[in-house]
S.K.: 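One structure follows; several queries about it will come next.
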Amino acid sequence: MCGRFTLRATATQLVEFFDLFQPVELPPRCNIAPTQQVAIVRQTPSGRDLSLLRWGLIPSWAKDAKIGSSLINARSESAAEKPSFRSAFKKRRCLIPCDGFYEWEVISGQKVKQPWLIGVGDTPVFAFAGLWETWHDPAGVAVETCSILTTSSNELLRPFHDRMPVILDPADFALWLDPAVQTADPLLPLMAQFPADRMHRYRVSTVVNSSRNERPECAVPLDSAAQ
DNA sequence: CCAGACGTTGTT
DNA sequence: GTCTGG
DNA sequence: CCAGACGTTGTT
DNA sequence: GTCTGG
């Protein structure tokens with residue numbers, strides 16, 4: 001599954017990979033956590049646009065924002081039907097740029113979990129499949145939120161979880177973002193497991209365990225010689 | 001009709 | 001907002 | 001996802 | 001144990 005990730009790509013890399021219609025410079029992030037601002041790519045009439053919104057989808061009908069922190073992921077198999085996600089799945093799909101995500105290994109007898117950083121080998125940046133939504137707080141202020149879709153894990157991720165984030169192939173970006181597509185049928189094949197042989201992983205420092213730590217050290221290989 | 005739920009994950 | 005349960 | 005808190009009252 | 005905050 002996916003609860004923490006990195007985005008250190010430059011504006012140029014983002015423009016090229018996502019075909020953005022205007023560049024956006026983002027500060028490098030090594031430890032993006034739920035409830036924080038994340039960058040998403042949306043299709044607008046002018047082109048593909050990058051904006052920042054809160055991670056943890058709050059359905060439009062929610063009475064308070066709390067539910068958002070438990071909706072950081074959405075199951076791809078059911079998002080089209082679930083009340084919390086179906087409206088967003090139909091009309092508000094997005095890409096979530098990423099260049100690595102963390103998984104934690106539970107080692108028996110050890111209290112502290114060992115984090116790993118997972119990457120896609122052949123691209124400097126890649127895309128999670130995401131959904132976004134608008135919620136209005138009690139004062140009427142609009143809050144935009146998002147969620148990352150999940151699928152069953154491939155061999156590389158299975159040691160950590162039975163779920164992994166949906167990673168989209170750039171060839172599928174246009175269909176995923178197409179506002180005219182409002183049914184799950186043509187989208188289901190896009191949400192398959194990303195192949196394990198195109199991904200890699202390495203251990204990183206437990207510094208990343210606390211979402212308060214944003215230092216670059218979070219994403220540095222622990223023992224590069226041994227990996 | 002109204003009231004109440006609406007989600008994911010991991011762990012046991 | 002929309003569906004399910006009573 | 002993990003870390004960290006987990007409470008009430010009255011007074012300032 | 002469970003919820004909240006980041």
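Below, chain A is the first sequence line, B the second, and so on; all start at residue 1.
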S.K.: Look at the side chain of Thr206(A) and the backbone N and O of Asn209(A), then say whether any donor-acceptor pair between them is shorter than 3.5 Å.
M.R.: no
S.K.: Under 4.0 Å, heavy atoms only, any strand: does Asn31(A) hit a base, just the sugar-phosphate, or nothing?
M.R.: nothing
S.K.: In whole angstrom, give the distance that lies between atom CD of Glu103(A) and atom P of dT9(B).
M.R.: 11 Å
S.K.: Does the pair Phe128(A) and Ile167(A) meet the rule for a side-chain contact (heavy atoms from CB on, under 4.5 Å), with working shown?
M.R.: CA-CA 5 Å; Phe128(A) 292 141; Ile167(A) 297 169; 4.1 Å; yes
S.K.: Grab the CD1-P distance between Ile67(A) and dT4(E) for me, whole Å please.
M.R.: 12 Å
S.K.: Counting Watson-Crick and G-U wobble pairs only, both distances under 3.5 Å, name the nucleotide matched with dG6(C), or none.
M.R.: dC1(B)
S.K.: Rounded to the nearest Å, what distance is computed from the CD atom of residue Gln36(A) to the C1' atom of nucleotide dG6(E)?
M.R.: 5 Å
S.K.: Whether Lys66(A) contacts dT4(E) is assessed here as follows: a side-chain N or O lying under 4.0 Å from the phosphate OP1 or OP2. Is that the case?
M.R.: yes
S.K.: For the backbone of Trp132(A) and the side chain of Arg42(A), can you confirm whether one donor and one acceptor N or O come within less than 3.5 Å of each other?
M.R.: no
S.K.: Between dT9(B) and Thr150(A), is there an OP1 or OP2 to side-chain N/O distance shorter than 4.0 Å?
M.R.: yes
S.K.: Could you tell me how far dT2(E) sits from dT11(B) if I compare only their C1' atoms? Round to whole Å.
M.R.: 13 Å
S.K.: Can you measure Ile148(A) atom CD1 to dG7(B) atom C1' for me and round it to whole angstrom units?
M.R.: 15 Å
S.K.: Output the rounded distance in Å from CG (Leu131(A)) to P (dG7(B)).
M.R.: 13 Å
S.K.: Using atom CZ of Arg54(A) as one end and atom P of dC1(D) as the other, report the distance to the nearest whole Å.
M.R.: 17 Å
S.K.: Under 6.0 Å between ring centres, would you say that holds for Phe173(A) and Phe17(A)?
M.R.: yes
S.K.: Counting only Watson-Crick or G-U wobble pairs whose two distances fall under 3.5 Å, which nucleotide matches dT8(D)?
M.R.: none
S.K.: Rounding to the closest angstrom, what is the interatomic distance between dT8(D) and dC2(B) at atom P?
M.R.: 36 Å
S.K.: In this structure, how many angstroms lie between the C1' atom of dG5(E) and the CG atom of Asn209(A), rounded?
M.R.: 16 Å
S.K.: Output the rounded distance in Å from CG (Leu117(A)) to P (dC2(D)).
M.R.: 15 Å
S.K.: If we take the C1' atom in both dT9(B) and dC3(E), what is their distance in whole Å?
M.R.: 15 Å
S.K.: Can you name the one residue among Tyr102(A), Phe101(A), Phe160(A) that meets side-chain contact (heavy atoms from CB on, under 4.5 Å) with Trp116(A)?
M.R.: Phe160(A)
S.K.: Between residues 70-94 of chain A and DNA chain B, which residues have a heavy-atom gap below 4.0 Å?
M.R.: Ser70(A), Leu71(A), Asn73(A), Ala74(A), Arg75(A), Ser78(A), Lys82(A), Pro83(A), Ser84(A), Phe85(A)
S.K.: Verify the distance criterion only: is there a donor paired with an acceptor across the side chains of Glu133(A) and Ser60(A) at less than 3.5 Å?
M.R.: no
S.K.: Taking for each residue the nucleotide of DNA chain B with the nearest heavy atom, is it Trp61(A) or Met1(A) whose nucleotide lies nearer the 5' end?
M.R.: Trp61(A)
S.K.: Does Ser205(A) reach the main-chain N or O of Cys218(A) with its side chain, forming a donor-acceptor pair under 3.5 Å?
M.R.: no
